[in-house]
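Here the structure is laid out as structure tokens; the discussion comes afterwards.
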Amino acid sequence: MSHGHSPEHTSRRRFLTGSLVLGATGAVAAGSLGAASGAYADVPDDPRGTVRRAASGAAADAAERADFWVSPAGDDAGTGERTSPFMTLTRAQRAVREATAAGATTLTVHLGGGTYELAEPLLFTSRDAGPGRQVAYVAVDGETPVLSGGRTVTGWRLYDAAKNIWRAAVGPRTDTRQLWVNGRRAVRARSAFLPAGFEMTETGYVYSGEEFDFTRWRHLRDVELVSFRRWRSYRCRIESARRTGTGVRVDMQNPCWELAYADHLPWGNITVPVWVENAYELLDEQGEWYLDTRAGHLYYKPRADEDLASAETVLGRLETLLEIRGELDDPVTDLRFDGISFCHGTWLEPNSPTGFAVIQAGYHQTAPGTTAKLPANVTMRAAERVAFHRCRFQHLGGSGLELEYGTRHADITGNLFEDVSGNGIQVSGTDEIHHHPDDDRAIVFDNRITNNCVTNVASEYHGCVGIWVGYADTTTIEHNTVYDLPYTAISVGWGWGTVDPGGSAGYTTPSTSRNNSVSYNHIHHFTQRLIDGGGIYTLSAQPGSVIRGNYIHDLVINHYDDSLVYLDEATRNYLVEDNVLCGTPSWWLKIWTSSIRDNRAVHNFVDRPDAVWNDGVDNVIEDNVPLDPAALPEEAQAIAARAGVEPAYRDLLPGGVPAPPPVSEVCDPDYAGQPPLGPPWTP
């Protein structure tokens, strides 16, 4: 099975700007080989050799090229030349198709800076990028094009002067879960943390506190209760509230409550709320908002530094911004996005009675026995050699980027994932088509995730992770910086093995999970809200897989179940070596049960050599080196310095962090000799 091209060994070809331009009719119009704009896109050679070059010199070569320009100030009636750009990407898509029909094989769409407010999702099929063509959508040098799935809100008026609450009309059919003001996520109106007075019932709660008068609230069925339980962050809405002799009986909407409560008894079910959300009556703090979907009014209490007369306020509107949709027999191929920001997506399912009855990492139940993945706002399926380079996935209400069924040889390099409600990046899935597909072309295979900065994701669905991989073959996760997360940073694998009914007891059929590499990443400040997670977390057998050269530190919550490297149920065949692992009050390595077998953890540098939980079978843990802050091994310092995004991409790090901190700053001698357990923390 071919692994496709490798960026380290692939030659590069530059597109020429100002080359022949194909106009709206598909006829070839004369272009100018003028001065280069700097908006060149480096696109890999096609490893299969399907792009055929004419051998008759520059004229024939130019005939294979087509360039188009797009600008928010353009006009779709224009020619698409630099001096007459289109206004929309859908018009540019049509021009690319026309140019392809006229014989162009190397096509570039140059996007000028500004916001492109999408009326509907952008859909790319093999008509837009297929075998024999290389198509790139690139930012003009020095400019920032933003593809927005949002809607700008204007017309703010002061509504309640005493509370400084403002209101804008957005229309009664408007629904969303996100608002951004001047590039900052606003907070849906909510209570303080851990409100007192809630007791569980089989249908909801009895509330005996004084903070909330649920029986008087308008639009009570829109009110959402958020509950944390170990690695799960539940969201369910209220059905009704009535007074009883012992307090207010609050019954919750189904199917969310039944799925979140009964299905996980006795230890993993939903519990008392950590806060109450989405009521006008809770709108009391700066930066909070509330949407009355019936009247079509948006309310906001601005922060001290915000002037709504000039502030940019954007509601998330589209659930999908960009979809790359191929078929196994007709894949999307050789498509590249460079320097583009994808912003202002939403996800609306939790606004329904289904709520968010989470299982793990964004997977949630929609009915008994039925699970679904938290969708991404940018997704690809049956796609080969698709690249996202130096793009930004910010201010999104779903997950960020998804590589699904049949995605192969993708290159996700040098991107920023920040302020994302769900997973930053999610690869493959958990269904039979992922772990035992009938057609090997469906396997999510040989994809590279390198030099990305992933921070402040899982900002709404807190049990999501920075980079998540389900059943996948040869996924390379290298040189990423992943930090400031409520739960796990990187998670690879799923399930506890698929039992073969015809096999011997305990025999499991091999899945597609194999040859995955999680290497040279800098991971820190995770498990900030939820527990039973890790810096790197794995599930199930993954032959040929490695965790190597990572620098992992500052596990935040001090809990028995957390670990820097967490090999969970049925993990097998992992090699954990040459990592620097420090700054944990619990474990640097967790292997907690007998289903975890045949793994090796060797030659890691650790500040707490005793902090290993090993109740597995046939696991080798040896030659691990204690870290002494007064005499750090040079090899450990070199590993830490190499980890994370490489120097060419460190401008991605918010705040301009120049490099990973020295090991001496996070190697904590105060942990020496202490038991690796803190007080239990189970909200």
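All values below come from the heavy atoms of this structure, side chains included, with hydrogens, waters and symmetry mates left out. Keep in mind the model is a prediction, meaning the values are calculated, not measured.
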Quick one: are [X] and [Y] in side-chain contact, heavy atoms under 4.5 Å?
| X | Y | value |
| --- | --- | --- |
| Arg221 | Gln253 | yes |
| Val427 | Val444 | yes |
| Glu418 | Val457 | no |
| Ile359 | Gln365 | yes |
| Tyr234 | Thr271 | no |
| Trp166 | Trp289 | no |
| Asn452 | Phe417 | yes |
| Arg303 | Gln286 | yes |

So, are [X] and [Y] salt-bridged, with charged N and O less than 4.0 Å apart?
| X | Y | answer |
| --- | --- | --- |
| Asp213 | Arg243 | yes |
| Asp561 | Lys590 | yes |
| Lys373 | Asp431 | no |
| Arg188 | Glu288 | no |
| Arg390 | Asp651 | yes |

Nearest heavy-atom pair of [X] and [Y]: which atoms, and what distance?
| X | Y | answer |
| --- | --- | --- |
| Gly533 | Tyr487 | CA-CE1, 3.5 Å |
| Thr584 | Ser586 | OG1-N, 3.0 Å |
| His434 | Tyr471 | O-CB, 3.7 Å |
| Val276 | Trp217 | CG1-CZ3, 4.1 Å |
| Leu259 | Thr366 | CD1-C, 3.8 Å |
| Phe526 | His553 | CE2-O, 3.7 Å |

* Show the numbers, then the answer: is there a side chain to side chain contact (heavy atoms under 4.5 Å, CB included) between Asn269 and Arg229? => CA-CA 7 Å; Asn269 59 296; Arg229 190 67 180 267; 3.5 Å; yes
Ring centroid separation [X] to [Y] under 6.0 Å:
| X | Y | answer |
| --- | --- | --- |
| Phe337 | Phe124 | yes |
| Trp587 | Trp613 | yes |
| His522 | Tyr551 | yes |

* Does the pair Trp592 and Ser563 meet the rule for a side-chain hydrogen bond (donor to acceptor under 3.5 Å, both in side chains), with working shown? -> CA-CA 11 Å; Trp592 70 277; Ser563 184; over 6 Å; no
* How far apart are the C-alpha atoms of Met252 and Ile238, what are their side-chain angles, what is the distance that settles it, and do they pass the side chain to side chain contact (heavy atoms under 4.5 Å, CB included) test? -> CA-CA 4 Å; Met252 304 299 291; Ile238 294 176; 4.0 Å; yes
Would you check if the side chain of [X] reaches a backbone N or O of [Y] as a donor-acceptor pair within less than 3.5 Å?
| X | Y | answer |
| --- | --- | --- |
| Thr481 | Val645 | yes |
| Lys301 | Leu283 | no |
| Arg185 | Leu396 | yes |
| Glu404 | Thr379 | no |
| Thr244 | Gly247 | yes |
| Asn278 | Asp222 | yes |
| Ser421 | Ser459 | no |
| Arg151 | Val170 | yes |
| Thr115 | Glu117 | no |
| Arg235 | Tyr461 | no |

Could you measure the distance from the [atom1] atom of [X] to the [atom2] atom of [Y]? Nearest 0.5 Å is fine.
| X | Y | atom1 | atom2 | value |
| --- | --- | --- | --- | --- |
| Leu652 | Asn415 | CG | CG | 7.5 Å |
| Leu225 | Arg237 | CG | CZ | 10.5 Å |
| Ile536 | Leu564 | CD1 | CG | 9.5 Å |
| Gln360 | Arg230 | CD | CZ | 11.5 Å |
| Asp284 | Arg190 | CG | CZ | 11.5 Å |
| Thr176 | Asn351 | OG1 | CG | 8.0 Å |

For [X] and [Y], does a side-chain donor sit closer than 3.5 Å to a side-chain acceptor?
| X | Y | value |
| --- | --- | --- |
| Ser428 | Trp494 | no |
| Asp484 | Asn456 | no |
| Trp180 | Asn182 | no |

* To do: Output, in order, the C-alpha distance, side-chain angles, deciding distance and verdict of ring pair (Phe, Tyr, Trp, His ring centres under 6.0 Å) for Tyr483 and His524.
  => CA-CA 5 Å; Tyr483 68 102; His524 61 96; 4.9 Å; yes
* Look at the rings of His364 and Phe356 and say which category their plane angle falls in: under 30° parallel, 30 to 60° tilted, over 60° perpendicular. =>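 The arrangement is tilted - the two ring planes meet at 30° to 60°.
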* **Pair Trp231-Tyr537, ring pair (Phe, Tyr, Trp, His ring centres under 6.0 Å): steps then yes or no** => CA-CA 12 Å; Trp231 66 88; Tyr537 172 95; 8.7 Å; no
* Asked: With respect to Tyr205, which candidate in Phe214, Phe198, Phe212, Tyr261 satisfies the ring pair (Phe, Tyr, Trp, His ring centres under 6.0 Å) definition?
  -> Phe198
* To do: Validate the cation-pi geometry between Arg218 and Tyr280: distance from NZ or CZ to the six-membered ring centre under 6.0 Å, angle to the ring axis within 45°.
  =>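 Judged by the rule (NZ or CZ under 6.0 Å from the ring centre, within 45° of its axis), Arg218 counts as positioned above Tyr280.
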* **Candidate list Ser399, Ser491, Pro375, Cys464, test side-chain contact (heavy atoms from CB on, under 4.5 Å), partner Gln426, passing option** =>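 Exactly one candidate clears the test, Ser399.
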* Just wondering, are more than 12 heavy atoms of other shown residues or ligands nearer than 6.0 Å to CD in Glu211? ->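 Yes, CD of Glu211 has more than 12 neighbouring heavy atoms, counting only those of other groups under 6.0 Å.
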* To do: Take Leu122 and Leu321, measure what side chain to side chain contact (heavy atoms under 4.5 Å, CB included) needs, and give me the verdict at the end.
  => CA-CA 6 Å; Leu122 288 170; Leu321 278 63; over 6 Å; no
* To do: Kindly determine whether Ile477 and Thr475 satisfy side chain to side chain contact (heavy atoms under 4.5 Å, CB included), including the steps that lead there.
  => CA-CA 6 Å; Ile477 303 171; Thr475 308; 4.0 Å; yes
